[in-house]
Chemist: 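Pasting a structure here, questions to come.
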Number of protein chains: 2
Amino acid sequence: MTTRQEQRAETTERILAAARAQLAEVGAAALSLRAVTREVGMVSSAVYRYFPSRDDLLTALIIEAYDAVGEAAEAADHGGEPLERWVSVWRAVRAWAREHPAQYALIYGSPVPGYAAPQDTLPAAGRVAIVLARIAIEAGGPVAAPPPAVRNALAPDLLPGLTAELAPAAMAAFTQLFGTVGFELFGQYENVVHDRDTFFDHVARTAGATCGL
Amino acid sequence: MTTRQEQRAETTERILAAARAQLAEVGAAALSLRAVTREVGMVSSAVYRYFPSRDDLLTALIIEAYDAVGEAAEAADHGGEPLERWVSVWRAVRAWAREHPAQYALIYGSPVPGYAAPQDTLPAAGRVAIVLARIAIEAGGPVAAPPPAVRNALAPDLLPGLTAELAPAAMAAFTQLFGTVGFELFGQYENVVHDRDTFFDHVARTAGATCGL
DNA sequence: GCAGGAACGAGAGCAGTGCTCACACAAGGG
DNA sequence: CCCTTGTGTGAGCACTGCTCTCGTTCCTGC
């Protein structure tokens, strides 16, 4: 007694699940539509009833990934000392990235060729930033005042309570987080950083300090 | 009067040049061997006399890119105030990245699928880091002492003069540089950071301060 | 000085890709 | 109950990386 809409939603989910699995296995650029449909059990041309192109499938996976890492960050933010909350969120993002390297690469690595990140991805992209910024805002610790010109470099009202004094430091910390995770994941720390847990925690704490934690 | 070796070197260079051009145009993952050979004016199978596979061609391009960005960094380091040298190198890396986004993505973006960065790329990869570290070492300014555990997190003797006190800060700054450039290039600052020159300079100076500049 | 072998480019071919299109069939609303 | 709409099929197009065979051309050892 499933209506056509339910059937469609279910098939869409089955395609996405197969795509997710393939993404984890072979990475974004090698993700093959035909392999996905083979796994689902339909012929290759059928998938175009659900996703107009391979890029649209990728977009769906990108949004999923942003949501997943955002959720991981939010779930890791259980109260306590501001700095401990902050470090906990950093660790959660790193842990998620290590568990899902292909998805991480999809959203924070180089954009897929010929693929322009559509506006659809923007809301989901900010969730981690919001979690981190909120911790810094609530802590309300002292922050080194940025030069006047820098205060206007960022968009105003990114988040309620995110002052022009705090915003540059928060943005830099946000960048540092994903830079560090990315460098570890993409092999730049090979033969250089041995104890990555310790180094990462140290970077997290140092970045936290610049945001008044 | 060209010997066979000269001929071979020349053809190799022509292939690389065409590959470089195509890389800039369509990106790494869409780089097509056949298109490259078409541009060079030979048939697709001939290229395998020069590069055993597409990945080997990519490896050659990766090494080229590391060398190019390293050279840009070195060229930008004309003496003066340590902090000014530091900022100048940061700017040079960013400028190179904006001029060569595809090459930048190739080396600092997500690894190309199925492609494991071979050891060949390691020496070239460190050039920018060496330029930056040397500036910090020569400046010899005060650096916040890292906790004892962090001192052992990095490989010792990365560079002569790079003390265990300075190394974590230098590594973090190095990461911050490529994180910031990457975020700008890959679209994460869209709708968030408006004045990117100003913001970037500010991050550079702040990172310099953590390294004693 | 010349025969033999290595290097080289051409062309056909294989298995795979994204995507399009005409077609058949079933579901469900008027 | 008919007929529009949604859905899956299979053939096919143009492309990819890569392999293999086959002539030709160049260089080297005798």
Side-chain angles (χ1 to χ4, degrees), chain A residues 1-23 25-62 102 106 111-116 118, chain B residues 1-23 25-62 102 106 111-116 118:
Chain A
M1 266 333 282
T2 61
T3 107
R4 222 157 195 179
Q5 279 198 343
E6 288 170 326
Q7 192 96 20
R8 182 174 183 83
E10 198 192 318
T11 308
T12 307
E13 180 44 45
R14 269 169 59 218
I15 294 172
L16 277 174
R20 229 176 287 132
Q22 243 224 328
L23 173 66
E25 239 181 88
V26 301
L31 191 153
S32 151
L33 264 187
R34 292 175 108 112
V36 168
T37 58
R38 244 177 274 130
E39 184 126 346
V40 175
M42 52 187 188
V43 93
S44 73
S45 56
V47 79
Y48 292 93
R49 301 277 181 209
Y50 298 87
F51 297 92
S53 79
R54 186 175 168 280
D55 281 358
D56 290 85
L57 217 191
L58 276 180
T59 302
L61 291 176
I62 287 177
L106 190 60
V112 177
Y115 173 82
Chain B
M1 265 330 283
T2 60
T3 103
R4 217 157 199 179
Q5 279 197 342
E6 288 171 326
Q7 192 96 21
R8 183 175 182 81
E10 199 193 315
T11 308
T12 306
E13 179 45 44
R14 269 169 57 218
I15 293 172
L16 277 174
R20 228 176 288 132
Q22 242 224 329
L23 175 65
E25 242 182 86
V26 301
L31 191 153
S32 151
L33 265 186
R34 293 178 107 111
V36 168
T37 58
R38 244 177 274 132
E39 185 127 345
V40 175
M42 50 188 193
V43 91
S44 74
S45 58
V47 79
Y48 292 93
R49 302 275 182 210
Y50 298 88
F51 297 92
S53 79
R54 187 176 167 279
D55 280 358
D56 291 84
L57 217 191
L58 276 181
T59 301
L61 291 176
I62 286 177
L106 190 60
V112 177
Y115 173 81

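The figures here come from the full heavy-atom set of this structure, side chains too, leaving out hydrogens, waters and symmetry mates. To find a chain, count down the sequence lines: A is the first, B the second, and so on, and within it residues start at 1. Here the structure is a predicted model, which means the values were calculated and not measured.
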Chemist: Rounded to the nearest angstrom, tell me the gap between atom CD in A:Gln7 and atom P in C:dG28.
Modeler: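 These atoms are roughly 9 Å apart.
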
Chemist: To the nearest Å, how far apart are A:Arg38 CZ and D:dG10 P?
Modeler: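 Answer to the nearest Å: 15 Å.
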
Chemist: Write down the distance between CD (A:Glu10) and C1' (D:dT7), rounded to a whole number of angstrom.
Modeler: 14 Å

Chemist: So if I take every side-chain heavy atom of B:Arg54 and compare against D:dC18, D:dT9, C:dG9, which nucleotide ends up nearest?
Modeler: D:dC18

Chemist: All N/O contacts under 3.5 Å from nucleotides 1-6 of chain D to the protein, with atom names and distances to one decimal?
Modeler:
{"unit_1": "D:dG6", "atom_1": "N3", "unit_2": "A:Arg4", "atom_2": "NH2", "d": "3.4"}

Chemist: Which is more 5' along DNA chain C, the nucleotide nearest A:Leu31 or the one nearest B:Ser44? Just name the residue.
Modeler: B:Ser44

Chemist: Atom CZ of A:Phe51 to atom C1' of C:dG18: distance rounded to whole Å?
Modeler: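 My rounded result for the distance is 16 Å.
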
Chemist: Not counting sequence neighbours, which residues clear side chain to side chain contact (heavy atoms under 4.5 Å, CB included) with A:Glu13? List them please.
Modeler: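 Partners of A:Glu13 by the side chain to side chain contact (heavy atoms under 4.5 Å, CB included) criterion, ordered by chain and then number, come out as A:Leu16, A:Ala17, A:Arg20.
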
Chemist: Whole Å only: how far is the OH atom of A:Tyr50 from the C1' atom of C:dC19?
Modeler: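 For the pair A:Tyr50 OH and C:dC19 C1', the rounded distance is 18 Å.
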
Chemist: Output the single nucleotide from C:dA10, D:dC18, D:dT16 whose closest atom is nearest the side chain of B:Ser53.
Modeler: D:dC18

Chemist: Between A:Arg14 and A:Gly41, is there a donor-acceptor pair closer than 3.5 Å when you use the side chain of the first and the backbone of the second?
Modeler: no

Chemist: Examine the side chains of B:Thr59 and B:Asp56 and answer whether a donor and an acceptor come within less than 3.5 Å of each other.
Modeler: no

Chemist: When you match A:Leu33 and B:Val43 each to their closest nucleotide on DNA chain C, which lands nearer the 5' end?
Modeler: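 On the 5' side of the pair lies B:Val43.
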
Chemist: Can you measure A:Arg34 atom CZ to C:dG18 atom P for me and round it to whole angstrom units?
Modeler: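 My rounded result for the distance is 7 Å.
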
Chemist: If I take atom CD in residue B:Gln22 and atom P in nucleotide D:dT16, what distance separates them, rounded to the nearest angstrom?
Modeler: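 Going from CD in B:Gln22 over to P in D:dT16 covers 8 Å.
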
Chemist: Taking all non-hydrogen atoms of both residues, which atom of A:Ser44 and which atom of A:Arg34 are closest, and how far apart?
Modeler: CB-CG, 3.8 Å

Chemist: With distance as the sole test, does A:Glu6 use its side chain to make a donor-acceptor pair with the main-chain N or O of A:Thr3 at under 3.5 Å?
Modeler: yes

Chemist: Can you see which heavy atom on B:Leu33 is nearest to which on B:Val47, and at what distance?
Modeler: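 Residues B:Leu33 and B:Val47, closest heavy atoms: CD2-CG1, 4.0 Å.
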
Chemist: Take A:Thr12 and A:Phe51 through the side-chain contact (heavy atoms from CB on, under 4.5 Å) test and state the conclusion after the steps.
Modeler: CA-CA 9 Å; A:Thr12 307; A:Phe51 297 92; 3.8 Å; yes

Chemist: Kindly indicate whether the side chain of A:Ser45 and the base of D:dG10 share any N or O donor-acceptor pair separated by less than 3.5 Å?
Modeler: yes

Chemist: Measure CD/A:Gln5 against P/D:dT7 and give the value in whole Å, please.
Modeler: 9 Å

Chemist: With respect to the phosphate group of D:dC27, does any side-chain polar atom (N or O) of B:Thr3 fall under 4.0 Å of OP1 or OP2?
Modeler: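 For D:dC27, neither OP1 nor OP2 has a side-chain N or O of B:Thr3 closer than 4.0 Å.
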
